[in-house]
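Next up is a structure, given as structure tokens.
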Amino acid sequence: MPLPMSLIVSPAMLLAIGLFCALWLAAAVWALVRGLGMQRRAAFAATQTERLGQMVEASPALPVLIRADWRIDAGSKLALWLGLADTPAQFDDLAAVSAGLETREHEALRKAVVGAQRGGKVFTLTLRPHGSRRTLVVRGSPAGPPIGGPGAVLLWLFDATESEDAIGALAAERDEAVRAFDALSGLIEAAPFPMWFRDPRFDLTLVNRAYVGATEADSAIAVIAGGTELVETVAGVTPVEAAHRAHAAGAAQDRTVPVTVAGARRMMRVVDVPLYGEGGALVGVAGYAIDIQDLEVERAEHRRFVEVQRDMLDRMSAAVAQFGPDRALRFANQPFRRLFALDPAWVAELPDFARLLDRLRDGGRTPEVRDFPEWRVGCTAWFSRPDATEDEWLLRDGTHLRLVAQPMPDGGLVLIVEDRTEQVQLASARDTLLRVRTATFDNLFEAVAVFAPDGRLHLWNQRFRRLWGADESLLAAHPRVDALMAGLADRLAKPQQVAIIQEIIRTATLERQQRAGKIGFRDGRHFDFASIPLPDGNALLIMLDVTDSRRAETALRERNEALEAADKVKTAFLSRMSYELRTPLTSIGGFAEMLKGGYAGTLEPTAIGYVGAILESVDVLGRQIDNVLDLAQGEAGTLAIDRAEVALDPLLRAAALAQGEKIELVIQIDPAVGVLGGDARRLRQIVDQLLDNAIR
């Protein structure tokens, strides 16, 4: 059914409609995005406005805006500060009957605002609300058109009540400080030792009478005017530099220097004290000097005595501790601190004797006792005993200590501790070493004896005694080597060899040279012996039984001689065999060839067959003889080998052809067999024998 003309739409119209819809949709999306952005910015601006408002409310300064028509924009805090019931809306509302600003201050503020409106002046005023202790500082300036429009003035109010109170308190303190300074000046003036004061430029501004007398000046004014210093330059440091150092350190600095007082040299303790005011500003440097000449003399003598004594104690190997009359630890030398593992900082605390014993017990440096408090009381009694007390301590780690507690006349105590652990260990180790050495010597396979440098027998083992058959009593007398060997010479097969043993022992002890030799006994035993010089000057004689090895050596020598004789017999047999077998066989072969050649006349066919059989047998027998001789010479090691490069292919083909004379033999040789280094004749024999065995 055909559509009406009104419903027929052309493609161009459809395209136009699509474009219009797309543009309309894009415009709608753009409007939506822009609206959302404006909404976010509005929300952000509102948040920022609220935040700024809260910051202004929390600020210690109060903003007040006075417009050109004298209207006021301010927060509720303004009414609180001025003592008003309501927040003022007009400038005139700042002054009330019994609250707000007084009339005089109100008019002053009005004039300042007018000046800011007309001339753009910036002003600062101090206001006090009526009937209130509050002090307000007002800072005003033109507000500008963006804030309040033309003619507006912005005021910032600050509550300065606490500052004003502080100023009043400081004034009172100042007056009190002046009175105290006057009293202190009188005290300084009456002080018996020199005192002075320097200003921030480190110039003298105040000295007392003692200072004037010490410098032999006419008056304090003359001292200050002339800058007369009490202390001279010491070690390159002037008094002014010492004051500078005290200021740099920020604390009192004292030094002991020689000072000339009334023409006499005295040691004085000079102290510089920096004085600071508010804010850390330097007010000056005060100083004073105290005469310590007599104290220094006594202190130096005592210090020298103590240093010498403690230096001597520190150099001792024994541990030493000194206790005062109050039973406190006064000194412990380095061996004492090291032996009992005491911290120098803890020792510097001067602990008492009982506390020291507790510390030693905690560190495992006291002997194990059943009742420690009772044992500690017994140790504390050392202070009251008239004589020295000796004690032995065995610690849990095996340490052996010997203690000597010596009471002092002043009620103190000197404790001397000697570590004998090493001595005990050395004694135990020596005993153990002696037992180990004896057991080692007695269980050696060698006979061992040690001779001293004077030739006397020092040590021996049981094998040495049994070897020589000597009595234990003879060896225990430690005889000289000449006397010992003279009584044992009859044990040797050659008694004169005793002199050899004596000589090698003398060489080892005196000339420090090692020698060796061999000796034989009458009973058939043989020994190798050697003398070895020892580090302690002694000589070690070692004798090793080599009887069995000598017997084995003799047997091997006899067997070797028998083998050599058999080898000679075999060589002679081979030579004889080669001659006896080859010569007849050669003759038979030669005659047979002569018969075959017709030298004896023409032979019958039957005779020729016999001669051929003879030649064939001669050839086979010759090869067999050659094989036997080669095998015999190979076993004897006398087979001659003529080495050369041998091509294996011709050698194998010749051997195969020789074997194939009687049978049909198929030859197949790999072309890559190459060349072999060896004796061509021997290789041919090997191949012939292999093929012959294979065919058989």
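Just so you know, these numbers use all the heavy atoms, side chains as well, and skip hydrogens, waters and symmetry mates.
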So, does Arg506 use its side chain to make a donor-acceptor pair with the main chain of Gly455 at under 3.5 Å?
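Checking the backbone N and O of Gly455 against the side chain of Arg506, no donor-acceptor pair under 3.5 Å is found.
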Can you sort out the partners of Asn538 under side chain to side chain contact (heavy atoms under 4.5 Å, CB included), two or more places apart, ordered by chain and number?
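Counting only residues at least two positions away or on another chain, Asn538 forms a side chain to side chain contact (heavy atoms under 4.5 Å, CB included) with Val450, Ala452, Pro453, His458, Leu534, Asp536.
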So, do Thr421 and Leu395 sit near enough that their side-chain heavy atoms are less than 4.5 Å apart?
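No - every pair of side-chain heavy atoms lies 4.5 Å or more apart.
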To the nearest 0.5 angstrom, please state how far the CZ atom of Arg198 sits from the CG atom of Leu206.
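Rounded to the nearest 0.5 Å, the CZ-CG separation comes to 11.5 Å.
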At their closest point, which heavy atom of Leu474 faces which heavy atom of Ala470, and how far apart are they?
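Between these two residues, the closest heavy atoms are CD2-CB, 4.4 Å.
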Could you tell me whether the side chain of Asn333 and the main chain of Ala318 form a donor-acceptor pair under 3.5 Å?
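At least one qualifying donor-acceptor pair exists.
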Using 0.5 Å steps for rounding, measure from the CZ atom of Phe451 to the CD1 atom of Ile505.
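Those atoms lie 4.0 Å apart.
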Mutual orientation of the aromatic rings belonging to Phe383 and Phe323 [parallel < 30°, tilted 30-60°, perpendicular > 60°]:
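If you compare the ring of Phe383 with that of Phe323, the planes turn out perpendicular.
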Counting only heavy atoms not in Arg466 (residues, nucleotides, ligands), do more than 12 fall under 6.0 Å from its CZ?
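Yes, because the 6.0 Å sphere around CZ of Arg466 holds more than 12 heavy atoms from other groups.
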Contacts of Val237 that satisfy side chain to side chain contact (heavy atoms under 4.5 Å, CB included) - sequence neighbours left out:
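By the side chain to side chain contact (heavy atoms under 4.5 Å, CB included) rule, Val237 matches Glu241, Ala242, Arg245, Arg255.
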Under 3.5 Å, side chain of Tyr211 to main-chain N/O of Leu230, donor-acceptor pair present?
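Yes, the answer is positive, given that a donor and an acceptor are paired below the 3.5 Å cut-off.
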Find the distance between SG (Cys379) and CD (Glu374) and round it off to the nearest 0.5 Å.
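Result: 11.0 Å between the selected atoms.
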Do Val347 and Phe336 have side chains that approach each other closer than 4.5 Å (heavy atoms only, starting at C-beta)?
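Not in contact.
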Run the side-chain hydrogen bond (donor to acceptor under 3.5 Å, both in side chains) test against Asp352 and tell me which residues pass, sequence neighbours left out.
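Asp352 satisfies side-chain hydrogen bond (donor to acceptor under 3.5 Å, both in side chains) with no residue once adjacent residues are dropped.
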Looking at CD1 of Ile290 and CG of Asp254, how far apart are the two atoms once the value is rounded to the nearest 0.5 Å?
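It is 9.5 Å, given to the nearest 0.5 Å.
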Minimum heavy-atom distance between Ala217 and Val223, given as atom pair plus value:
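Between these two residues, the closest heavy atoms are CB-CG2, 3.3 Å.
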May I ask you to check whether over 12 heavy atoms, not counting those of Ile221, lie within 6.0 Å of atom CD1?
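Not buried by this count: 12 neighbours or fewer within 6.0 Å.
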Has the side chain of Arg337 got a donor or acceptor atom that lies under 3.5 Å from a matching backbone atom of Ala332?
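Confirmed, Arg337 side chain pairs with Ala332 backbone.
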Residues forming a side-chain hydrogen bond (donor to acceptor under 3.5 Å, both in side chains) with Arg525, sequence neighbours excluded
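Here the qualifying residues are Asp523.
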Any sub-3.5 Å donor-acceptor pair from Arg515's side-chain atoms to Ile500's backbone N or O?
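Judged by distance alone, no pair lies under 3.5 Å.
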Heavy-atom pair with the smallest gap, counting every atom of Arg330 and Gly324:
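Closest heavy-atom pair between Arg330 and Gly324: CG-N, 3.6 Å.
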Around atom CD of Glu301, are there more than 12 heavy atoms of other residues, nucleotides or ligands at under 6.0 Å?
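Yes.
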Which residues satisfy the side chain to side chain contact (heavy atoms under 4.5 Å, CB included) test with Asp175, sequence neighbours excluded?
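By the side chain to side chain contact (heavy atoms under 4.5 Å, CB included) rule, Asp175 matches Arg179.
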Set of residues satisfying ring-ring contact (aromatic ring centres under 6.0 Å, His included) with respect to His400, sequence neighbours excluded
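None.
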Just wondering, are more than 12 heavy atoms of other shown residues or ligands nearer than 6.0 Å to CZ in Arg430?
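For Arg430, atom CZ is not crowded (no more than 12 foreign heavy atoms under 6.0 Å).
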Sidechain-backbone polar pair: Thr509 side chain, Ala539 backbone, donor-acceptor under 3.5 Å:
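Answer holds: no.
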Heavy-atom side-chain proximity of Leu492 to Phe527 below 4.5 angstrom
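Counting from C-beta outward, Leu492 and Phe527 never come under 4.5 Å.
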Take Glu418 and Gln423 through the test side chain to side chain contact (heavy atoms under 4.5 Å, CB included) and record every step on the way to the result.
CA-CA 11 Å; Glu418 182 182 3; Gln423 299 178 7; 4.0 Å; yes
Would you say the side chains of Thr256 and Arg269 form a donor-acceptor pair under 3.5 Å?
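No, no side-chain donor-acceptor pair sits under 3.5 Å.
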Using a cut-off of 6.0 Å, state whether more than 12 heavy atoms not belonging to Glu422 lie near its atom CD.
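Result for CD/Glu422: open.
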Less than 4.5 Å apart, any side-chain heavy atom of Trp375 and any of Arg361?
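Result no, sub-4.5 Å side-chain heavy-atom pair not found.
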Any side-chain to backbone donor/acceptor pair from Gln293 onto Met267? Under 3.5 Å, distance only.
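Present.
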Write down the atom of Arg480, the atom of Asp454, and the distance for their closest heavy-atom approach.
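Closest approach of Arg480 to Asp454: NH1-O, 2.8 Å.
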Around atom CG of Asp218, are there more than 12 heavy atoms of other residues, nucleotides or ligands at under 6.0 Å?
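Atom CG in Asp218 is not crowded, with 12 or fewer foreign heavy atoms closer than 6.0 Å.
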Any donor-acceptor N/O pair, Thr507 side chain to Gln513 backbone, under 3.5 Å:
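Flag not set: sc Thr507 to bb Gln513 has no pair under 3.5 Å.
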Once you round to the nearest 0.5 Å, how far does CZ of Phe193 lie from CG of Asp291?
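One finds 11.5 Å between CZ of Phe193 and CG of Asp291.
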Test side chain to side chain contact (heavy atoms under 4.5 Å, CB included) on Ile416 and Gln406 and set out the steps.
CA-CA 8 Å; Ile416 304 173; Gln406 176 65 53; 5.7 Å; no
Among Leu401, Leu360, Asp358, find the one that has a side chain to side chain contact (heavy atoms under 4.5 Å, CB included) with Thr366.
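It is Leu360; the other options fail the test.
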Return the minimal non-hydrogen interatomic distance between Phe331 and Leu329, and the atom names on each side.
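Heavy atoms only, the tightest pair is O-CD1, 3.5 Å.
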Matching residue for Val259 among Val234, Val231, Thr215 - test: side chain to side chain contact (heavy atoms under 4.5 Å, CB included):
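Exactly one candidate clears the test, Val231.
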Evaluate the side chain to side chain contact (heavy atoms under 4.5 Å, CB included) criterion for residues His247 and Tyr276: first the C-alpha distance (whole Å), next the side-chain angles of each, then the deciding distance (0.1 Å), finally the verdict.
CA-CA 9 Å; His247 170 51; Tyr276 298 96; 3.0 Å; yes
Quick one: pull up CZ in Arg456 and CG in Leu484 and give me the separation to the nearest 0.5 Å.
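CG of Leu484 is found 11.5 Å from CZ of Arg456.
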Consider side chain to side chain contact (heavy atoms under 4.5 Å, CB included). Of Asn208, Leu275, Val285, Val273, which one does Phe197 pass it with?
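Of all the options given, the one that passes is Leu275.
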Heavy atoms of other groups near Glu472 CD, more than 12 under 6.0 Å:
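Yes, the 6.0 Å shell around CD holds more than 12 heavy atoms from other groups.
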Are a donor atom and an acceptor atom from the side chains of Ser473 and Asp471 found within less than 3.5 Å of each other?
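Result is no, nothing qualifies.
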Can you name the nearest heavy-atom pair linking Asp272 to Ala246, along with the distance?
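Heavy-atom minimum between the residues: O-CB, 3.7 Å.
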Taking the side chain as every heavy atom from C-beta outward, state whether Pro479 and Leu457 have any pair of such atoms under 4.5 Å apart.
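A side-chain contact under 4.5 Å exists here.
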So His244 and Phe202, would you call those rings parallel, tilted or perpendicular, with 30° and 60° as cut-offs?
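Judged by the thresholds at 30° and 60°, the geometry between His244 and Phe202 is tilted.
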For side chain to side chain contact (heavy atoms under 4.5 Å, CB included), just list the numbers for Lys518 and His526, CA-CA rounded to whole Å, side-chain angles, deciding distance to a tenth of an Å, and then say yes or no.
CA-CA 7 Å; Lys518 299 177 183 293; His526 296 272; over 6 Å; no
